[in-house]
Peer 1: 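There's a structure below that I have some questions on.
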Amino acid sequence: MSTTESNKTVVKDFIDGLFTKGDLGAVDTHLAEDFINHDPPFGVTPDREGMRDAGKMMRAAFPDWHSDTHALIAEGDVVVERFTAGGTQRGEVLGVPPSGKAVSLPGINIWRLRDGLIVERWGLLDDLGFLRQLGVAS
């Protein structure tokens, strides 16, 4: 398997593990100790623990949270992921009580890898659309 294909597998395994399966250990398995999240979502810290917290938050509020990958494109040490994540709100999130509504969150992530581990993330998520679905933005 080429390095670019291997990098794509690492990213896919990380996303599937943390966000679709709710495996918080995916952070330890796939993120480097010095991981930096340049665009941390929803107020989490820009490090490994922030990614773990994001996974915890989404799974607590949306037990069926999952991420569907539409494209994985790799070149060198970079993998670009286009996805739509979503689930049914069964718990509180961002101060919003459970609604039972299905929500979705499309986005694009850029991941940089080193030695088979993810070291950086840049992301562009439809935060406003997500907040509108939760009823906290118009």
Side-chain angles (χ1 to χ4, degrees):
M1 180 183 306
S2 71
T3 302
T4 54
E5 288 303 312
S6 178
N7 287 347
K8 286 167 66 173
T9 298
V10 169
V11 167
K12 182 152 182 42
D13 289 350
F14 172 66
I15 296 301
D16 287 347
L18 182 61
F19 292 105
T20 298
K21 296 176 184 169
D23 175 11
L24 301 178
V27 167
D28 302 315
T29 303
H30 299 291
L31 300 185
E33 288 287 331
D34 59 344
F35 170 78
I36 296 175
N37 189 344
H38 297 281
D39 302 298
F42 307 115
V44 300
T45 59
D47 54 11
R48 285 169 37 131
E49 289 311 308
M51 286 301 287
R52 191 183 325 268
D53 290 343
K56 280 187 221 177
M57 176 177 64
M58 298 315 278
R59 296 298 294 191
F62 307 92
D64 61 344
W65 191 258
H66 61 281
S67 185
D68 297 321
T69 302
H70 306 302
L72 276 180
I73 302 163
E75 183 174 332
D77 62 352
V78 173
V79 176
V80 177
E81 167 205 19
R82 186 175 64 82
F83 68 94
T84 301
T88 307
Q89 188 189 6
R90 303 278 183 220
E92 183 177 316
V93 64
L94 304 172
V96 177
S99 67
K101 292 182 186 176
V103 300
S104 65
L105 177 64
I108 296 171
N109 286 316
I110 301 171
W111 307 92
R112 188 174 72 79
L113 291 88
R114 179 185 67 230
D115 300 326
L117 294 173
I118 300 169
V119 293
E120 291 183 277
R121 174 196 172 264
W122 295 265
L124 180 60
L125 309 178
D126 183 8
D127 296 341
L128 181 57
F130 182 72
L131 294 173
R132 283 180 175 151
Q133 292 171 74
L134 293 176
V136 296
S138 52

Peer 1: Could you go through the side chain to side chain contact (heavy atoms under 4.5 Å, CB included) check for Leu128 and Arg132 one step at a time?
Peer 2: CA-CA 6 Å; Leu128 181 57; Arg132 283 180 175 151; 3.5 Å; yes
Peer 1: Using side chain to side chain contact (heavy atoms under 4.5 Å, CB included), reason through Phe14 and Leu117 one step at a time and then give a plain yes or no.
Peer 2: CA-CA 10 Å; Phe14 172 66; Leu117 294 173; over 6 Å; no
Peer 1: Can you pull out every salt bridge (Lys or Arg N to Asp or Glu O under 4.0 Å) where at least one residue sits in residues 4-17? Sequence neighbours excluded, please.
Peer 2: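 Residue pairs with at least one partner in residues 4-17: Glu5-Lys8, Lys12-Asp16.
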Peer 1: In this structure, would Ile73 and Val79 fall into the same cluster of hydrophobic residues linked by side-chain contacts under 4.5 Å?
Peer 2: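 No: no chain of side-chain contacts under 4.5 Å links Ile73 to Val79.
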Peer 1: Test of understanding: clusters of I, L, V, M, F, W, Y form through side-chain heavy atoms closer than 4.5 Å, transitively. Do Met51 and Val119 belong to the same one?
Peer 2: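 No, because Met51 and Val119 fall into different hydrophobic clusters, even though each may have its own neighbours under 4.5 Å.
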Peer 1: Check whether Phe62 and Leu24 end up in the same hydrophobic cluster, where Ile, Leu, Val, Met, Phe, Trp and Tyr are linked by side-chain heavy atoms less than 4.5 Å apart.
Peer 2: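 Linked, Phe62 and Leu24 end up in one cluster.
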Peer 1: Would you say that Trp122 contacts Val80 through its side chain, given a criterion of any heavy-atom pair below 4.5 Å between the two side chains?
Peer 2: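 Result no, sub-4.5 Å side-chain heavy-atom pair not found.
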Peer 1: Is it the case that the side chain of His66 and the backbone of Gly86 share a donor-acceptor pair, with hydrogens and angles ignored and the cut-off at 3.5 Å?
Peer 2: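 Confirmed, His66 side chain pairs with Gly86 backbone.
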Peer 1: Are Val10 and Phe35 linked, directly or through intermediate hydrophobic residues, by side-chain heavy-atom contacts shorter than 4.5 Å (ILVMFWY only)?
Peer 2: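 Same cluster.
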Peer 1: Considering only residues two or more places apart or on different chains, which pairs with a residue in residues 71-82 satisfy salt bridge (Lys or Arg N to Asp or Glu O under 4.0 Å)?
Peer 2: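 Qualifying pairs: Asp77-Arg112.
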Peer 1: Indicate yes or no for a side-chain donor-acceptor contact from Thr20 to the backbone of Ser67 under 3.5 Å, with no hydrogens or angles considered.
Peer 2: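 Here the side-chain-to-backbone pair exists.
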Peer 1: Might you point out which heavy atoms bring Gly123 and Asp39 nearest each other, and give the distance in Å?
Peer 2: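 Minimum heavy-atom separation between Gly123 and Asp39: N-OD2, 2.9 Å.
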Peer 1: Mind telling me whether Phe130 and Phe42 have parallel, tilted or perpendicular rings, with 30° and 60° as the class edges?
Peer 2: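 Tilted, since the angle between the ring planes falls between 30° and 60°.
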Peer 1: What distance separates Thr88 OG1 from Asp64 CG, expressed to the nearest 0.5 Å?
Peer 2: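 Nearest 0.5 Å value for the OG1-CG distance: 4.0 Å.
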Peer 1: Could you list the residues that satisfy side-chain hydrogen bond (donor to acceptor under 3.5 Å, both in side chains) with Ser99, not counting sequence neighbours?
Peer 2: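 Applying side-chain hydrogen bond (donor to acceptor under 3.5 Å, both in side chains) to Ser99 gives Gln89.
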Peer 1: Looking only at heavy atoms, what is the nearest atom pair of Phe83 and Leu105, with distance?
Peer 2: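 Closest approach of Phe83 to Leu105: CE1-O, 3.5 Å.
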Peer 1: Under a 4.5 Å side-chain heavy-atom rule over Ile, Leu, Val, Met, Phe, Trp and Tyr, are Val96 and Trp65 clustered together?
Peer 2: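 Yes, Val96 connects to Trp65 through the hydrophobic network.
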Peer 1: Rounded to the nearest 0.5 Å, what separation is found between the CG atom of Leu113 and the NE2 atom of His30?
Peer 2: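 Leu113 atom CG to His30 atom NE2 measures 10.5 Å (nearest 0.5 Å).
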Peer 1: What do the steps show when you test Leu131 against Leu94 for side chain to side chain contact (heavy atoms under 4.5 Å, CB included), and what is the final call?
Peer 2: CA-CA 9 Å; Leu131 294 173; Leu94 304 172; 3.8 Å; yes
Peer 1: Nearest 0.5 Å, please: how far is CG in Leu125 from CG in Asn109?
Peer 2: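 With rounding to 0.5 Å, CG (Asn109) is 6.0 Å from CG (Leu125).
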Peer 1: Would you give the length of the straight line joining atom CG of Asp34 to atom CG of Asp47, rounded to the nearest 0.5 angstrom?
Peer 2: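 Answer rounded to 0.5 Å: 11.0 Å.
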Peer 1: Side chain to side chain contact (heavy atoms under 4.5 Å, CB included) with Arg121: which of Leu31, Val11, Asn37, Ile110?
Peer 2: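 Among Leu31, Val11, Asn37, Ile110, the one that satisfies the side chain to side chain contact (heavy atoms under 4.5 Å, CB included) with Arg121 is Asn37.
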Peer 1: Counting N and O atoms only, with roles assigned by atom type, does the side chain of Asp126 sit under 3.5 Å from a partner on the main chain of Pro106, one being a donor and the other an acceptor?
Peer 2: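 Looks like no, no N/O pair under 3.5 Å.
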Peer 1: Do you know which two heavy atoms are closest between Pro63 and Ala60, and how far apart they sit?
Peer 2: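 Looking at all heavy atoms of both residues, the closest pair is CD-O, 4.5 Å.
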Peer 1: Given side chains that start at C-beta, do those of Leu18 and Arg59 come closer than 4.5 Å, heavy atoms only?
Peer 2: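 They are not in side-chain contact.
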